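Chain A is the first sequence line, chain B the second, and so forth, proteins listed ahead of strands; every chain is numbered from 1. Worth knowing before you read on, the calculation uses all heavy atoms, side chains too, and leaves out hydrogens, waters and symmetry mates. All values reported here derive from a predicted model rather than from experimental measurement.
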Number of protein chains: 2
Amino acid sequence: MPAIHPITDRRAALKERHRRAIVAAAAVLLEETGGLNFTIEDLAVRADVSRRTVFNHFASLGDVLAAVFDDVMAELVDCYTAQPPPEDAAQRSASVDEAFDELAAAVRATDLVPSMSYLTRSLGDKDQSPWVDGVLLRVLEDGGLRLAAAMRERRPGVDALEIDLLVNTVLHGVLVVHRHWYEATAAADDDASRAVWSSLVDRFLARLRSGYAREHDPGDPTSA
Amino acid sequence: MPAIHPITDRRAALKERHRRAIVAAAAVLLEETGGLNFTIEDLAVRADVSRRTVFNHFASLGDVLAAVFDDVMAELVDCYTAQPPPEDAAQRSASVDEAFDELAAAVRATDLVPSMSYLTRSLGDKDQSPWVDGVLLRVLEDGGLRLAAAMRERRPGVDALEIDLLVNTVLHGVLVVHRHWYEATAAADDDASRAVWSSLVDRFLARLRSGYAREHDPGDPTSA
DNA sequence: TGCACTGAGTGCAACGGTGCACTGGGTGCA
DNA sequence: TGCACCCAGTGCACCGTTGCACTCAGTGCA
């Protein structure tokens, strides 16, 4: 994911490269160890920086985790905003069910399987430190806010409350789906496992849709 | 080529890595541009460092060139010293013709073709700045001294004058061979080009040998 | 229960890299 | 022949990283 602002010199590039390396290494170690079963030293070695540098970039391990989870959210927001905009002004107004369709498409399109394993596992882990739960919930909230903002920009005619409810429901639903997927596949990364993921996502979205009948076309609800 | 002394911390490793990148980039640019047809900025970009950093490591472009050529010499010395030592004390003494054989084997074994193109071209180029000739000749002399020292260590019984003459003759001979090779193949890097190189090296070494008859076996001189 | 150890987090100074403005020599052109 | 430009090389200040010693909380064990 490119930096929010263009890197204008080598110093800034180096800084950003190291920050990204730390976040990426944390994601890998979460995956490999099944949680927070590594040290700051492990993280530094994997990121190819010094231990001090980790703390130059992040105030704490919690901040590193927040950045990891933030990337997951950013991925989803990117997939959502990457869709072609509605074709005319009339379509941009109202129609929360079409907003639902777009969000659903983004969830389907985003490769959430590898990066969300530890997120789900972290939330579901009874032995997890409470502070990690705090980090995760904050990241979900921040990500949800960004997703809602993107949706409001895209469909300004839709009620803000409807958008917030939609986003909140889908994000937490995706976590539930992911936990089921994880238990069914043991986080395998192969075609069969991805098929299970698609099936579960479709079931979840179909289930949600039945409460979101189309306002313009009450007949013929389609389930993929 | 590993550092002479082990790198003990990340700072030293970073410094050495950047120094090596600069030298490697210079070698590539010499090859690509056929000489000194690039700027310090080009070199810095290719080495992925800043222009200032080049001068942090080297006093001048001449010093960079010296380091590039020094790598070529080091390659040859490494091939020479990598050979198994003579099996007994008697063999370690005298026998300059066997010293010749060992040096010849090193010349054959060293992949000199890619890295010496610009060295030869530089020495043969009339338009070249005189200061480059100075750099090259100094590097040849330094490399020759190291090679001679390695030879004296390996065969302490051989006269020092004989060793110095041998090393000097072979090094300058290799440059002549390389110029002929370069003119015959336009520095192509393929099997046919390497076959030409091997043939020329063999001719040069066979020619030298006829002036170095074996002391222990006066009959049956072999030419490969 | 006291002690030793581990590891997160911190302060500080040094190192290596970098940005930038500058000088001066060399070159080409009107 | 003067001027403009290019580029090697330089000084200086700043940035980011790093090494290292430290504190403190948590943990395990005799």
Side-chain angles (χ1 to χ4, degrees), chain A residues 3 5-26 29-30 33 35-68 122 127-135, chain B residues 3 5-26 29-30 33 35-68 122 127-135:
Chain A
H5 48 81
I7 300 294
T8 54
D9 63 18
R10 294 181 58 87
R11 270 181 185 151
L14 176 68
K15 186 173 180 179
E16 178 61 18
R17 186 159 64 244
H18 280 170
R19 187 189 168 283
R20 297 235 52 77
I22 293 163
V23 176
L29 285 168
L30 281 165
T33 69
L36 289 170
N37 305 310
F38 57 90
T39 66
I40 301 291
E41 179 65 22
D42 295 332
L43 177 56
V45 167
R46 186 66 68 103
D48 196 19
V49 297
S50 80
R51 215 164 71 78
R52 194 69 197 76
T53 301
V54 175
F55 291 103
N56 289 340
H57 287 269
F58 298 96
S60 65
L61 182 55
D63 277 4
V64 177
L65 290 181
V68 171
S122 298
D127 296 329
Q128 187 80 280
S129 305
W131 68 266
V132 172
D133 290 341
V135 167
Chain B
H5 48 81
I7 301 294
T8 53
D9 65 16
R10 294 181 58 86
R11 271 182 185 148
L14 176 69
K15 187 173 181 179
E16 177 62 17
R17 186 160 64 245
H18 281 168
R19 188 190 169 281
R20 294 236 54 75
I22 293 165
V23 176
L29 285 168
L30 282 165
T33 68
L36 288 171
N37 304 309
F38 57 90
T39 66
I40 301 290
E41 178 66 21
D42 293 332
L43 175 58
V45 166
R46 186 66 67 102
D48 197 19
V49 297
S50 80
R51 215 166 70 77
R52 196 65 194 85
T53 303
V54 174
F55 290 102
N56 288 343
H57 287 269
F58 298 96
S60 64
L61 182 57
D63 277 5
V64 178
L65 289 181
V68 171
S122 297
D127 295 328
Q128 187 80 281
S129 305
W131 68 266
V132 172
D133 290 342
V135 167

Taking side chain as C-beta onward, heavy atoms only, is [X] less than 4.5 Å from [Y]?
X       : Y       : result
A:Leu36 : A:Leu61 : yes
A:Leu65 : A:Leu30 : yes
A:Arg20 : A:Arg17 : no

Dot-bracket encoding of pairs in DNA chain C, which uses [ ] for pseudoknotted crossings and | for another strand, Watson-Crick or G-U under 3.5 angstrom = ||||||||||||||||||||||||||||||

Please tabulate, for the side chains in residues 53-60 of chain A, all donor-acceptor contacts under 3.5 angstrom to protein atoms that are two or more places apart in sequence or on a different chain.
residue	atom	partner	partner atom	Å
A:Thr53	OG1	A:Ser50	OG	2.9
A:Asn56	OD1	A:Arg52	NH1	3.3
A:Ser60	OG	A:Gly62	N	3.3
A:Ser60	OG	A:Asp63	N	3.3

Using atom [atom1] of [X] as one end and atom [atom2] of [N] as the other, report the distance to the nearest whole Å.
X       : N      : atom1 : atom2 : value
B:Leu61 : C:dG25 : CG    : C1'   : 16 Å
A:Leu43 : C:dG9  : CG    : P     : 11 Å
B:Glu41 : D:dC5  : CD    : P     : 19 Å
B:Asn37 : D:dC6  : CG    : P     : 18 Å
A:Leu36 : C:dG9  : CG    : P     : 11 Å

Provide the closest heavy-atom pair for B:Val68 versus B:Val23 in the form atom of the first, atom of the second, distance.
->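 Scanning both residues, the minimum pair turns out to be CG2-O, 3.5 Å.
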
How does protein contact run along nucleotides 10-22 of chain C, one letter per nucleotide 5' to 3', with B for base contact, S for sugar-phosphate only, - for none, heavy atoms under 4.0 Å?
-> BBB-BSSBBBB--

